[in-house]
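Here it is: the structure, laid out below.
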Amino acid sequence: MGEKKITALLLTASLLLGMTACQKKDPPETPDPEAAAVSCTGEAQGFGGAVRVTIQVKDGIIIDCTIEAPDETENIGGAAAERLREAIVEGQGKVDTVAGATATSNAVKTALADAMRQAGLAEEVTALMAPGTYTGKAYGFSCIDQVTVRVTVGEDAIQALELVDTFTDEQDSYENRYMCGGGL
């Protein structure tokens, strides 16, 4: 190779190296663990009042959870809420009912399902019902007498709910009209 060609190659190489060295390089970004987290809150009715579940989600993972249940019985529903809070993060939303605190547990699970739908961790479930009127019986508050109710449903909503039994203030039933009739 001629001297001119070698000089040209060396100059070209030095220019390329110089341009590469002079390019501004941004330092790699350190991800902020809280910056990408999304906060979603669901609410449901517990035993004593509203129960709110707030989850912090990052990259599709529940990284934190808070449960507000101020109107639940402190030693029962309140204690269950704390156990469920830990289980939600550990089980990524899969939790069991806490024995003795069924109403609070169900409220937490319902509120959690809503929060998870908002965060994109669960799909919206739409259940269609067979329209009609249905009658059912179950044991009431006393667990001695059965209470009969009639429900009329459309495809996607309850249209009517009726208490079929009539309770009096006499001792013919362990249930009473105030508990079964909503204070009527």
Side-chain angles (χ1 to χ4, degrees), residues 31-127 129 136-154 156-163 165 167 169 173-184:
D32 180 2
E34 298 301 316
V38 176
S39 178
C40 297
T41 301
E43 185 173 314
Q45 181 64 35
F47 184 77
V51 173
R52 280 173 293 290
V53 175
T54 301
I55 56 174
Q56 300 290 324
V57 178
K58 181 178 179 202
D59 297 327
I61 297 172
I62 299 172
I63 59 173
D64 195 16
C65 174
T66 57
I67 299 175
E68 298 173 57
D71 299 321
E72 300 302 286
T73 307
E74 185 177 344
N75 295 333
I76 300 170
E82 182 57 29
R83 286 180 55 194
L84 290 167
R85 184 194 69 73
E86 294 169 3
I88 288 168
V89 176
E90 186 176 305
Q92 291 300 296
K94 294 179 181 110
V95 293
D96 291 326
T97 300
V98 175
T102 304
T104 302
S105 296
N106 288 342
V108 167
K109 289 163 53 172
T110 300
L112 172 63
D114 184 32
M116 289 178 68
R117 278 191 296 277
Q118 292 174 40
L121 299 177
E123 293 182 19
E124 184 73 36
V125 177
T126 304
M129 299 178 279
K137 288 185 176 190
Y139 287 99
F141 188 77
S142 70
C143 297
I144 296 172
D145 290 333
Q146 288 194 337
V147 178
T148 305
V149 294
R150 184 177 302 125
V151 61
T152 303
V153 298
D156 60 356
I158 295 174
Q159 297 173 338
L161 184 62
E162 173 188 7
L163 176 65
D165 294 320
F167 298 101
D169 290 331
S173 171
Y174 287 94
E175 303 300 327
N176 67 54
R177 64 188 172 111
Y178 296 105
M179 293 176 83
C180 293
L184 301 173

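The figures here come from the full heavy-atom set of this structure, side chains too, leaving out hydrogens, waters and symmetry mates.
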- [ ] Looking only at non-hydrogen atoms, find the nearest pair between Ile63 and Lys58 and report the distance.
- [x]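 Taking every non-hydrogen atom into account, CD1-CB, 4.1 Å.
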Open item on the list: Once rounded to the nearest 0.5 Å, what's the spacing between atom CD of Glu43 and atom OG1 of Thr110?
Closed with: 11.5 Å
Open item on the list: Determine whether a donor-acceptor pair (N or O, by modelled atom type, separation under 3.5 Å) exists between the side chain of Glu72 and the backbone of Gly48.
Closed with: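 Such a contact is found between Glu72 side chain and Gly48 backbone.
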Open item on the list: Rounded at 0.5 Å granularity, tell me how far OG1 in Thr148 sits from NZ in Lys137.
Closed with: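 Spacing of OG1 (Thr148) from NZ (Lys137) equals 4.0 Å.
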Task: Nearest-0.5 Å distance, CG of residue Asp64 to CD1 of residue Ile62 - done: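 Between atom CG of Asp64 and atom CD1 of Ile62 there are 10.0 Å.
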Sequence neighbours excluded and cut-off under 3.5 Å, please list the side-chain donor-acceptor pairs for residues 93-101, or say none.
residue: Thr97; atom: OG1; partner: Lys109; partner atom: NZ; Å: 3.0

- [ ] Measure the SG-CD distance between Cys65 and Glu90 for me, rounded to the nearest 0.5 Å.
- [x]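 Nearest 0.5 Å value for the SG-CD distance: 12.5 Å.
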TODO: Work out which heavy atom in Ala50 is nearest to a heavy atom in Pro70; give both atom names and the distance.
DONE: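 Nearest pair, atom of Ala50 first, then Pro70: O-CD, 4.1 Å.
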Open item on the list: So Asp71 and Val51, do their side chains get closer than 4.5 Å, heavy atoms only?
Closed with: no
- [ ] List for me each residue that meets side-chain contact (heavy atoms from CB on, under 4.5 Å) alongside Ala119, sequence neighbours excluded, and say none if there are none.
- [x]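 side-chain contact (heavy atoms from CB on, under 4.5 Å) check on Ala119 returns Cys40, Ile55, Val57, Leu121.
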TODO: Decide yes or no on side-chain contact (heavy atoms from CB on, under 4.5 Å) for Thr152 and Ile158, but give the supporting numbers first.
DONE: CA-CA 6 Å; Thr152 303; Ile158 295 174; over 6 Å; no
Open item on the list: Please report the interatomic distance OG1(Thr66) to CD(Gln56), rounded to the nearest 0.5 Å.
Closed with: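 Spacing of OG1 (Thr66) from CD (Gln56) equals 7.5 Å.
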Task: Point-to-point distance, once rounded to the nearest 0.5 Å, from OG1 of Thr104 to CD of Gln45 - done: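 The OG1 atom of Thr104 sits 10.0 Å away from the CD atom of Gln45.
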TODO: State, with a plain yes or no, whether a side-chain heavy atom of Ile67 is found less than 4.5 Å away from one of Thr54.
DONE: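 Result no, sub-4.5 Å side-chain heavy-atom pair not found.
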- [ ] Determine yes or no for a side-chain-to-main-chain donor-acceptor pair under 3.5 angstrom, with Gln118 supplying the side chain and Thr41 the backbone.
- [x] yes
Task: Atom CD of Glu74 with >12 non-hydrogen neighbours under 6.0 angstrom - done: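 Open: at most 12 neighbouring heavy atoms sit under 6.0 Å from CD of Glu74.
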TODO: Indicate the atoms forming the closest heavy-atom contact of Gly46 with Ala107, along with that distance.
DONE: CA-CB, 3.6 Å
- [ ] Determine whether Gln92 and Ile61 make a side-chain contact, defined as any pair of heavy atoms from C-beta on separated by less than 4.5 Å.
- [x] yes
